[in-house]
Novice: 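Shown below is the structure under consideration.
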Protein chains: 2
Amino acid sequence: MEAEGLIAHDVLAVVLRMSPSSPEVLLWRRAREPHEGRWALPGGRLGATEDVEVSVRRHLAEKVDLAEVAHVEQLSVFSDPHRGPAPRRVATAFLGLVPSDADPAVPDDTAWHPVDALPETAFDHGEITRVGLDRLRAKLSYTNIGFALAPEVFSISELRGLYTAALGHRVSATNLQRVLTRRGVLVPTGTTAAPGPSGGRPAALFRFSEHRLRVTDPFATLRPPDATRDC
Amino acid sequence: MEAEGLIAHDVLAVVLRMSPSSPEVLLWRRAREPHEGRWALPGGRLGATEDVEVSVRRHLAEKVDLAEVAHVEQLSVFSDPHRGPAPRRVATAFLGLVPSDADPAVPDDTAWHPVDALPETAFDHGEITRVGLDRLRAKLSYTNIGFALAPEVFSISELRGLYTAALGHRVSATNLQRVLTRRGVLVPTGTTAAPGPSGGRPAALFRFSEHRLRVTDPFATLRPPDATRDC
DNA sequence: GGTGTTTTCGACCAACAGGCGAAAACCTCG
DNA sequence: CGAGGTTTTCGCCTGTTGGTCGAAAACACC
């Protein structure tokens, strides 16, 4: 039992990346008990002088180059007393996103796994991964979070592929471009990409106007009356 | 310093209720150091055999009748090492909502305070309250969370008052009714209320179709293609 | 029955998302 | 150099939603 109610606090990160066809999560293979050999999310103990946001970045840096992680946000607390073998652990989970063009070096024990075919995971890490993907899917529709999945510059087709992989259903390129440009999150660079090997019209290249999460509020109904589009 | 990284974990609850004109939060006056005399959110230590959801309900029950709290959801983790005097504390904050017609009995040290005129609060509880109100405001526009603010049955005018108080700006009764009924969250009871003392047409009474939180998804853009309105 | 008050409902308008097909811009091959 | 194939882009149409306004409905009081 925990002395005087003191509890070990962990931080965990669901780091997602869109492979051409499906989302992948970064997992590492545990070398020690408990759950030796199972795959686990990056993370570790909360340190005495750091908050959870700082802590998760510190632990993440051991598994992946932090510069490649374009966005990190808090997900939820997992505290079921039976979420793992004793001693009891409470974890604050985060969502991290890596752009599709980044292929950061990872340690030998670490690898990307498609989220729809997860191996046996340690603790409740499979469930936590699911929560992370759900959060990403929700935010794709009402925020500019796509910036964290896409390369610096990209064509609409590439972006459509990323959205399709993340959402798990077809996405119309026409509609995607229109929605994102109307919200002002997408800006044309003026340049075009070289056509593919089988020809075709060269694709115009775009970039995200902002690389920090912003809610593109038309999702907010029941707006204030006059409303000259405040944020 | 925490032995071996073990840390005290607290749960806190931002319990909100809409007074006729403005949102109020439930606070209690601390009788002991630290921060003796300041106003604090309900909460306390996470127990050894409970998860945070169970724990926050247990602590909440000491300050207010749990049957009156219509909705509870996790907000965020607050873990700044300097969020309060030593020893270090990490807190999982929750949002709780009490319907406007409920006036639960509270202990002598506990009272409702308008959130736009908070007294001096303990720790970072003022900031946490702000986060709770922001969450409520966001969810009012794309969920049925109003059920947790309203009485069992109510008129559109009453509901408009609640939304106005929560959002801090005028809300059109016409639009409110249309949006909520179209989403299927509002259903007419068939009954009408007695007119007020100064006359007027008697108001039709409504109830929420569901008393559990549900996302009323038209907020989700980039829907699946065929989409015969799944949930 | 008239006046005042409150609620309700219909109509209009603007913004937005989704879909379709034609046109544009490129390739390769004959 | 023109024809056919490929990919992207753009314009148009449609249905839905949110916001607003004003008229009509339903009541109390005088």
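Below, all heavy atoms of this structure are taken into account, side chains as well, without hydrogens, waters or symmetry copies. Source: prediction; values computed, not measured. Chain letters run A, B, ... following the sequence lines, proteins first and then strands; every chain starts at 1.
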Novice: Taking the side chain of B:Ala203 as its heavy atoms from C-beta onward, which of D:dA26, C:dT7, D:dG18 lies nearest to it?
Specialist: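 So the side chain of B:Ala203 is nearest to C:dT7.
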
Novice: Could you pick out which residue, A:Ala173 or B:Pro197, lies toward the 5' side of DNA chain D when each is mapped onto its nearest nucleotide?
Specialist: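 Counting from the 5' end, the first nearest nucleotide belongs to A:Ala173.
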
Novice: Is A:Gln74 reaching over with its side chain to a backbone N or O of B:Val77, donor-acceptor style, under 3.5 angstrom?
Specialist: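 Judged by distance alone, yes, a pair lies under 3.5 Å.
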
Novice: Using atom CG of A:Asn175 as one end and atom P of C:dG21 as the other, report the distance to the nearest whole Å.
Specialist: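 Nearest whole value for this atom pair: 16 Å.
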
Novice: What is the distance, rounded to the nearest whole Å, between atom CG of A:Leu140 and atom P of C:dA17?
Specialist: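 So the two atoms are 15 Å apart, to the nearest Å.
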
Novice: Among D:dT9, C:dG18, C:dT8, which nucleotide has an atom closest to any side-chain atom of A:Ile156?
Specialist: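 Nearest listed nucleotide: D:dT9.
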
Novice: Calculate the interatomic distance between B:Tyr142 atom OH and D:dT17 atom P; express it in whole Å.
Specialist: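 From B:Tyr142 OH to D:dT17 P: 19 Å.
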
Novice: Given that A:Val179 and A:Pro202 both sit by DNA chain C, which one's nearest nucleotide is further toward the 5' end?
Specialist: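 So the residue in question is A:Val179.
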
Novice: Does the plane of the ring in B:His211 sit parallel, tilted or perpendicular to the ring in B:Phe147? Use 30° and 60° as the thresholds.
Specialist: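 The rings of B:His211 and B:Phe147 lie parallel, inter-plane angle below 30°.
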
Novice: Hey, are B:Arg17 and B:Asp103 close enough for a salt bridge, meaning a charged N less than 4.0 Å from a carboxylate O?
Specialist: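 Salt bridge present between B:Arg17 and B:Asp103.
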
Novice: Of the nucleotides C:dT7, C:dA25, D:dG18, which has the atom closest to the B:Ser157 side chain?
Specialist: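 My answer, after comparing the listed nucleotides, is C:dT7.
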
Novice: Please determine whether any donor N or O and acceptor N or O are separated by less than 3.5 Å between the side chain of B:Arg183 and the base of D:dT17.
Specialist: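 Under the 3.5 Å cut-off, the side chain and the base do not form any donor-acceptor pair.
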
Novice: In whole Å, I'd like the distance from the CZ atom of B:Arg160 to the P atom of C:dT6.
Specialist: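 These atoms are roughly 11 Å apart.
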
Novice: Atom CZ of B:Phe206 and atom C1' of C:dT8: how far apart are they, to the nearest Å?
Specialist: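 From B:Phe206 CZ to C:dT8 C1': 9 Å.
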
Novice: Does a side chain donor of either B:Glu127 or B:His125 reach within less than 3.5 Å of an acceptor in the other side chain?
Specialist: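 B:Glu127 vs B:His125: no donor-acceptor pair found between side chains.
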
Novice: Does A:Gln177 place a side-chain N or O at less than 4.0 Å from the phosphate oxygens OP1/OP2 of D:dT8?
Specialist: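 It does not, given that no N or O in the side chain of A:Gln177 lies less than 4.0 Å from OP1 or OP2 of D:dT8.
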
Novice: Does A:Asp108, at its CG atom, have more than 12 non-hydrogen atoms belonging to other residues, nucleotides or ligands within less than 6.0 Å?
Specialist: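 No, not enclosed.
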
Novice: Could you tell me whether B:Asp109 and B:Arg29 have a side-chain N and a carboxylate O separated by less than 4.0 Å?
Specialist: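 Here B:Asp109 does not pair with B:Arg29 in a salt bridge, since their nearest N and O are not under 4.0 Å apart.
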
Novice: Using atom CG of B:Leu176 as one end and atom P of C:dC9 as the other, report the distance to the nearest whole Å.
Specialist: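 Result: 14 Å.
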
Novice: What nitrogen or oxygen pairs link the protein and nucleotides 4-6 of chain D at under 3.5 Å?
Specialist:
unit_1: D:dT6; atom_1: O2; unit_2: A:Gly200; atom_2: N; d: 3.4

Novice: Is any side-chain nitrogen or oxygen of A:Arg182 closer than 4.0 Å to OP1 or OP2 of C:dA15?
Specialist: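 No.
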
Novice: Dump the intermediate steps for side-chain hydrogen bond (donor to acceptor under 3.5 Å, both in side chains) on A:Thr191 and A:Thr189, then the final yes or no.
Specialist: CA-CA 5 Å; A:Thr191 60; A:Thr189 64; 2.7 Å; yes

Novice: Take atom OH of B:Tyr163 and atom C1' of D:dG18, then tell me their distance rounded to the nearest Å.
Specialist: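 Taking OH of B:Tyr163 and C1' of D:dG18, I get 15 Å after rounding.
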
Novice: Of all the choices, D:dA28, D:dG22, D:dC10, which nucleotide is nearest to the side chain of A:Thr174 once you look at every atom?
Specialist: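 In terms of side-chain proximity for A:Thr174, the closest of D:dA28, D:dG22, D:dC10 is D:dC10.
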
Novice: Under a 3.5 Å cutoff on both atom distances, Watson-Crick or G-U, what's the dot-bracket for DNA chain D ([ ] crossing, | other strand)?
Specialist: ||||||||||||||||||||||||||||||

Novice: Is a donor on one side and an acceptor on the other found under 3.5 Å between the side chain of B:Asp10 and the backbone of B:Val90?
Specialist: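 Side chain of B:Asp10 to backbone of B:Val90, a donor-acceptor pair under 3.5 Å: no, none is there.
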
Novice: Is a donor-acceptor contact shorter than 3.5 angstrom present between the side chain of A:Arg178 and the base of C:dG19?
Specialist: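 It does, because a donor-acceptor pair links the side chain of A:Arg178 to the base of C:dG19 below 3.5 Å.
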
Novice: Of all the choices, D:dG18, D:dT20, C:dC27, which nucleotide is nearest to the side chain of A:Pro195 once you look at every atom?
Specialist: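 Nearest to the side-chain atoms of A:Pro195, counting from C-beta on, is C:dC27.
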
Novice: Sub-3.5 Å donor-acceptor pair from the side chain of B:Trp28 to the main-chain atoms of B:Leu41, do we have one?
Specialist: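 Indeed, once roles are kept as given, a pair shorter than 3.5 Å links the two residues.
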
Novice: Can you confirm whether the side chains of B:His9 and B:Thr92 place a donor and an acceptor under 3.5 Å from each other?
Specialist: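 Side chains of B:His9 and B:Thr92: pair found under 3.5 Å.
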
